[in-house]
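First the structure, in the form of structure tokens, and then the observations on it.
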Amino acid sequence: MEIIEKQNLNVETLLSYKTRTTYNKLAALINHIDKSLPLIGMKRTGNIIFTISENRYGCDEPIIDVEIMIPVNRPFKSNEYYVYKPKIVLHNAVMGQCVEVSEALSKAKKELQEYLCKKDYSSLTNYYFIIEGDCDVKPVDIYVSINENVV
């Protein structure tokens, strides 16, 4: 995986949706939310962003907590399904690329974590996965902001 330092991410007017799913169903879930935007009077204006936290609850496959964030064309009032986020800004981020939306995300995240450890960097944020274009399009970029101070 190619890793690039000193990256920035700045995205405004986001629709946020949090849930639990599996890696096998993640791409379909993201596509469903993306395709549902016109039904709630919105249009996607940028790349889809998501975060994942893996949990092993004694299941055959990991259950992941996921937050899917989609830049939309207008602000809206949050409700029980979707939350409005005015912006996400990451400075001094390290960026890597993963090949697909699947369990490979976990492997790519681990590789990025190992890179940070080797360089003595400490992460300041969650790992943000960015899909350019449709969910089935590859690759997926991974961003994490790091502390510039090395002590």
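Note: hydrogens, waters and symmetry copies are ignored here, and every other heavy atom, side chains too, is used.
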Are [X] and [Y] close enough that some pair of their side-chain heavy atoms sits under 4.5 Å apart?
| X | Y | value |
| --- | --- | --- |
| Thr13 | Thr45 | no |
| Tyr115 | Met1 | no |
| Asn47 | Ile131 | no |

Minimal non-hydrogen separation, [X] against [Y], with atom names:
| X | Y | value |
| --- | --- | --- |
| Tyr17 | Ile33 | CD2-CD1, 3.2 Å |
| Asn126 | Val144 | O-CG2, 3.9 Å |
| Ile88 | Tyr128 | CD1-CE2, 4.3 Å |

Rounded to the nearest 0.5 Å, what separation is found between the [atom1] atom of [X] and the [atom2] atom of [Y]?
| X | Y | atom1 | atom2 | answer |
| --- | --- | --- | --- | --- |
| Asp34 | His32 | CG | NE2 | 11.0 Å |
| Ser122 | Ile146 | OG | CD1 | 8.0 Å |
| Ile40 | Leu15 | CD1 | CG | 5.5 Å |
| Ile64 | Ile52 | CD1 | CD1 | 5.0 Å |
| Ile4 | Met95 | CD1 | CE | 4.0 Å |
| Tyr127 | Thr51 | OH | OG1 | 13.0 Å |

Item checked: Glu54 with Lys109: basic N within carboxylate O range, under 4.0 Å -> no

Item checked: Within one Ile-Leu-Val-Met-Phe-Trp-Tyr cluster: Val83 and Phe50, side-chain cutoff 4.5 Å -> no

Note to self: Show every salt bridge (Lys or Arg N to Asp or Glu O under 4.0 Å) that has at least one partner inside residues 82-96, sequence neighbours left out.
What the structure shows: Glu67-Lys85

Notebook entry, point to check: Do any pairs count as a salt bridge (Lys or Arg N to Asp or Glu O under 4.0 Å) and have a residue in residues 11-25, sequence neighbours left out, and if so which ones?
Noted result: Arg20-Asp65

Compile the donor-acceptor pairs under 3.5 Å between side chains in residues 70-81 and protein atoms, sequence neighbours left out, one pair per line.
{"from": "Asn73", "atom 1": "OD1", "to": "Lys43", "atom 2": "N", "distance (Å)": "2.9"}
{"from": "Arg74", "atom 1": "NE", "to": "Gly41", "atom 2": "O", "distance (Å)": "3.4"}
{"from": "Arg74", "atom 1": "NH2", "to": "Gly41", "atom 2": "O", "distance (Å)": "3.4"}
{"from": "Ser78", "atom 1": "OG", "to": "Tyr84", "atom 2": "N", "distance (Å)": "2.8"}
{"from": "Asn79", "atom 1": "OD1", "to": "Tyr81", "atom 2": "N", "distance (Å)": "2.7"}
{"from": "Asn79", "atom 1": "OD1", "to": "Tyr82", "atom 2": "N", "distance (Å)": "2.8"}

Note to self: How about CD on Glu114, more than 12 heavy atoms from neighbouring residues, nucleotides or ligands closer than 6.0 Å, or not?
What the structure shows: yes

Notebook entry, point to check: For Ser145, does its backbone N or O pair with a side-chain atom of Thr125 as donor and acceptor, under 3.5 Å?
Noted result: yes

Next item on the list: Take Leu9 and Asp141 through the side-chain contact (heavy atoms from CB on, under 4.5 Å) test and state the conclusion after the steps.
Entry: CA-CA 11 Å; Leu9 178 66; Asp141 295 332; over 6 Å; no

Next item on the list: Check the pair Leu90 / Asn8 against side-chain contact (heavy atoms from CB on, under 4.5 Å), numbers first and verdict last.
Entry: CA-CA 5 Å; Leu90 299 180; Asn8 293 306; over 6 Å; no

Next item on the list: I would like to know whether Tyr143 and Gln7 meet side-chain contact (heavy atoms from CB on, under 4.5 Å); could you show each step before the answer?
Entry: CA-CA 8 Å; Tyr143 285 80; Gln7 299 297 297; 3.9 Å; yes

